[in-house]
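Here the structure is a predicted model, which is why all the values come from computation and not from measurement. Proteins get letters first, then strands, A, B, ... in listed order; numbering begins at 1 in each.
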Number of protein chains: 4
Amino acid sequence: MREHSDTRARIQEIALRLFTEQGYEGTSLREIAEQLGVTKAALYYHFRTKDDIVASLSEDRHAEMENLIKWAQGRPRGPETRREFVLRYADSLYDSNHHAFMRFMERNQTALRDNPKVARMRDLMKGVMDILCDEGDSTAERLRRSMAIFTLHAAWFVLKDEEVSDEERKDAAVKVALDYVELPPAA
Amino acid sequence: MREHSDTRARIQEIALRLFTEQGYEGTSLREIAEQLGVTKAALYYHFRTKDDIVASLSEDRHAEMENLIKWAQGRPRGPETRREFVLRYADSLYDSNHHAFMRFMERNQTALRDNPKVARMRDLMKGVMDILCDEGDSTAERLRRSMAIFTLHAAWFVLKDEEVSDEERKDAAVKVALDYVELPPAA
Amino acid sequence: MREHSDTRARIQEIALRLFTEQGYEGTSLREIAEQLGVTKAALYYHFRTKDDIVASLSEDRHAEMENLIKWAQGRPRGPETRREFVLRYADSLYDSNHHAFMRFMERNQTALRDNPKVARMRDLMKGVMDILCDEGDSTAERLRRSMAIFTLHAAWFVLKDEEVSDEERKDAAVKVALDYVELPPAA
Amino acid sequence: MREHSDTRARIQEIALRLFTEQGYEGTSLREIAEQLGVTKAALYYHFRTKDDIVASLSEDRHAEMENLIKWAQGRPRGPETRREFVLRYADSLYDSNHHAFMRFMERNQTALRDNPKVARMRDLMKGVMDILCDEGDSTAERLRRSMAIFTLHAAWFVLKDEEVSDEERKDAAVKVALDYVELPPAA
DNA sequence: GATGAATGAGTTTTCATTCAT
DNA sequence: TATGAATGAAAACTCATTCAT
C-alpha cells in the first residue's frame, strides 16, 4: 500500500531505538514488527537475520570512523592532531545521529560480542586510541585519553534528564573532552 | 541445616561472572547450573527467581554505597569533601570486588531496567552526583563530575589488555578521577 | 507469447535435480528460483503450486507407463510377455531420463503421499506387477517379480560410485532383472 | 503422573512410526508430542534435538550391524560365508523390529543426509557389500549382491498388502535373497 | 513474463519456572 | 538439599503463496 517502500529504513530506525531502550536480546522481532505495523516475516524480507539489522546499522558509522582515522594517520601525532581529532570526532557524532548508534553499541556489548561488524568497531576504537596516545604515555595518561572519547559518547545520556539543548550538550562534551586530551596529568 | 551454604555463594560467583561476560539475558540458568555441577532446579532452592540472584548480588554494594553517601551528607559540600569522597569511593570499589559488580551493572542496564534493586542503585548513583555537584554548576561542570565516577568504574576494563597491576590501575584511576572533580573547566 | 517457454523446462530440470538430491520438503522454491536466477514469484507464473511442478514432471512417465501396460494387456500373460516387458521397461527407463524421475519418486514417497499424480503412479506400478505375476504365484515368486523391476530402478544409484558406463549399467540391470522374471524359485 | 517415565521410549516409538509414515521433515515435533500427550518442551527434556531422536534410534541397529560385519570378517570370503551372512542378516532384521528402522532409513535418505549416524550407517552398508562381493565380480554380479540385501529390506513393504504372515514374509525374503547371492548370472 | 513486497501459518528450539519425591 | 520430569510462553526463522504493478 505504501508508495515506494521506505520500510527498510523504518525497520532500522525502530530497531535502533528499541535495541537501545530494551537491549538487543530484550527486543523481539515481533515487537519491531508490531511497531511498524507489519508481520515478522516482512522483516525477513528486508534483513536476513536479526544480526543483519545490526550490521546494516553499523555501516554508516564504520565509514565515518574509517575516514576519521585515515585523516589522523595522515598527520603527525601530537597535541595539535589530538585536539583537532576530538573536534572532528564530536562533529561526526553529533551532526548525524551517530551518537544514538554509539550508545546502542555501548549498551549491547555483551549481546553483540560475536557480531563481526561489532568486532570491527572495537578494532576501530583501538585505532582511535592509537591516535590519541603517544608511545611513552603513562597508564594514567592513556586512561585519561580514553575517557576523553568516552565523555563525548556519554554526554548524551549522562545529561539526559537536564534541560539542556543539543547545542549546549555538545559544547559541554567537547570542552570536557578537550581538557583531557590536552592537559598533562596533575602529577 | 548447614550454616553457610557454600553452594549459594558459588551460584553468586558464577552468575556474576557469566552475567558480565555474556549478559544477563544471554546467560541461562542451565548454564550456571552446569558450571556448578548441579541441576537447574537446585538453583531454585537457593534463589526464588533469576532476578533474585541479581538482587542478592546488589546487597553488599548497596550497603557500601549507603554508607558512603551517609558519610558525605554529614559533611559540608565542597572541594574537600568531593576529593575525600572520590578516594573513599575508589577504596570501596577496589578493596572488595565491587568493581566487578559495577561492571556487571553497567553492562546490563537495559536488561535489568525493571529490577527494583537496580532501580535503587540508579537512585544511589544520583545521590553520589548530588554530593559531587554544587547548585550553580554549569553543564560542563556536571558532566565532568559524572565522568570522575565513570572513570573509577571504567579503569578496570579500559586498561584490561595492558600489563598493569591492580595497584597501578587503581592509582591511575584515582589520579584521573581527582582531576575530574578538582580542576575547573578551562573556561 | 513465446511458444516453448525455456524457463518452464529449466524449472522442471532444476526441481527434479534438487528434489532428488535434497528431498521434496528439503527443497524450497527459493532455492529453485535462485539456481535459475529469477524470483520465487516467477515460478508461480509457470506453475500454480509446488505440487504442480511434481505433477508436470510425472506426465511423460505416466504416458510411457500407460503405453507399456496397454501393450502388455494386449498380449497373453506368460514368460514370453514378461521377458519382453522387462526389456521394454528398461528401454523406456534408460533411453529417456525417466530413471531420474523414478529415483525422485522413490526418494520422496512419503513427502508426496497425498499428491494425486503420485497416487496414480502407484496404481500404474500395481498394473506392472499384474503383468509380471500369474494367479497362482507363491509369495516368494511375487516378491521375486517385484525385485526385477526394482533392480531396473536401483541399478542407477546402487552402482553410482563405480566407473561404469550408462550402457554397462543398463546391460547389467537387464541381465539381473531378466533372471528374476524368468527363473523359477530355487525350491 | 506416570510411574517411572518410559516417556523416552515412547517418544522413540512414536517418532519412528511417524517418520516412516510421513517422512522426517513431514513430521513435526508438535505431532509427536500430541500423540504422546505431552508438550513439545518435554521432548527436549529427553532429546537435545530432532536429529538426536534419529541418532538414538540408530544405536541398536548400528551395534547389530557391527557385530554382523565383525563376524563375517573373521571368516573366509566365499559362497559359504555369503549364504550364512544373508541368513544372519535376515534374523537380525526380523527378530527385532530392525526392519522398521531400516525402512525408516530408506524412506528418509535425503532428509537425513547430513546426520552423522546416518552417514555411519551408509558406511556399514558398504561394509556389508564388501562381504558379499569378491574382487573380480562383474558389474552385474555386484548389482545382484546388492539386490539380495535390498530384498530383505523390501520384503516388508513390497508384500505389505498381501495376506501373509510375518513368518511367510521372512521365508520368502530369504529364499529370494539367497538366489541373489548364490546363482551366477545367466550368461 | 516477471518482480517487489508482503502474509499467515508453521517450524525447531530455548527459557524461566514448578512440583512431587 | 537437591533431582527428574515436565510446562507455557516465547523466540528466531522459513516457507508456500498472493497480488499489484
Side-chain angles (χ1 to χ4, degrees), chain A residues 1-8 25-33 36-53, chain B residues 1-2 5-8 24-33 36-53, chain C residues 1-2 5-8 11 24-33 36-53, chain D residues 1-8 24-33 36-53:
Chain A
M1 233 19 100
R2 211 173 300 110
E3 316 293 44
H4 140 276
S5 190
D6 55 342
T7 303
R8 198 188 138 91
E25 312 223 38
T27 303
S28 70
L29 294 186
R30 180 183 51 67
E31 243 173 320
I32 297 177
L36 220 143
V38 297
T39 53
K40 273 176 293 167
L43 304 187
Y44 282 92
Y45 178 75
H46 294 281
F47 296 95
R48 274 187 19 268
T49 63
K50 193 184 179 186
D51 258 64
D52 231 52
I53 302 180
Chain B
M1 253 345 121
R2 219 188 303 120
S5 167
D6 179 39
T7 302
R8 197 185 140 91
Y24 177 76
E25 312 225 37
T27 303
S28 69
L29 295 186
R30 178 181 52 66
E31 240 173 322
I32 296 175
L36 221 142
V38 297
T39 46
K40 267 185 296 171
L43 304 185
Y44 281 89
Y45 179 82
H46 295 281
F47 297 97
R48 271 185 24 264
T49 65
K50 192 184 181 187
D51 260 64
D52 232 53
I53 302 180
Chain C
M1 257 338 125
R2 220 188 302 122
S5 168
D6 179 39
T7 302
R8 196 185 141 91
I11 292 170
Y24 177 76
E25 313 225 37
T27 303
S28 69
L29 295 185
R30 178 180 53 67
E31 240 173 322
I32 297 175
L36 221 142
V38 297
T39 47
K40 266 183 299 171
L43 303 185
Y44 281 88
Y45 179 82
H46 295 281
F47 296 97
R48 273 185 22 265
T49 64
K50 192 184 181 187
D51 261 63
D52 232 53
I53 302 179
Chain D
M1 232 19 100
R2 212 173 302 109
E3 316 293 44
H4 140 276
S5 189
D6 55 343
T7 303
R8 198 187 138 92
Y24 177 76
E25 313 222 41
T27 302
S28 69
L29 296 185
R30 178 183 52 67
E31 242 173 320
I32 297 176
L36 221 143
V38 297
T39 54
K40 275 177 291 166
L43 304 186
Y44 281 91
Y45 177 75
H46 294 282
F47 296 96
R48 273 187 21 267
T49 64
K50 193 183 178 186
D51 258 63
D52 231 52
I53 302 180

Given protein heavy atoms under 4.0 Å, the one-letter contact record of nucleotides 14-21 of chain F, with B base, S sugar-phosphate only and - none, is simply BBBBBB--
Measuring from [X]:[atom1] to [Y]:[atom2], what's the distance to the nearest 0.5 Å?
{"X": "B:Phe47", "Y": "B:Ile32", "atom1": "CZ", "atom2": "CD1", "value": "9.5 Å"}
{"X": "A:Lys40", "Y": "A:Tyr44", "atom1": "NZ", "atom2": "OH", "value": "8.5 Å"}
{"X": "B:Thr7", "Y": "B:Leu43", "atom1": "OG1", "atom2": "CG", "value": "10.0 Å"}

Taking the six-membered ring of B:Tyr24 (Phe, Tyr or Trp), confirm whether the NZ or CZ of B:Lys50 is under 6.0 Å from its centre and within 45° of its axis.
-> yes
Short side-chain N/O contact from D:His46 to OP1 or OP2 of F:dA6, under 4.0 Å = yes
What is the distance from [atom1] of [X] to [atom2] of [N], rounded to the nearest Å?
{"X": "B:Ile32", "N": "E:dC15", "atom1": "CD1", "atom2": "C1'", "value": "12 Å"}
{"X": "B:Ile53", "N": "E:dA16", "atom1": "CD1", "atom2": "C1'", "value": "11 Å"}
{"X": "A:Leu36", "N": "E:dT7", "atom1": "CG", "atom2": "C1'", "value": "14 Å"}
{"X": "D:Leu43", "N": "F:dG8", "atom1": "CG", "atom2": "C1'", "value": "14 Å"}
{"X": "A:Tyr45", "N": "E:dA6", "atom1": "OH", "atom2": "P", "value": "8 Å"}

Scanning both residues in full, the closest heavy-atom pair of C:Glu25 with D:Gly26 reads OE2-CA, 3.4 Å
Taking all non-hydrogen atoms of both residues, which atom of C:Arg8 and which atom of C:His46 are closest, and how far apart?
-> NH1-O, 3.5 Å
How about C:Ile53 and C:Leu29: do any of their side-chain heavy atoms sit closer than 4.5 Å?
-> yes
In which stems does DNA chain E show up, taking only runs of three or more Watson-Crick or G-U wobble pairs whose two distances fall under 3.5 Å?
-> E:2-21 with F:2-21
Taking atom P in both E:dG1 and F:dT21, what distance in whole Å separates the two?
-> 22 Å
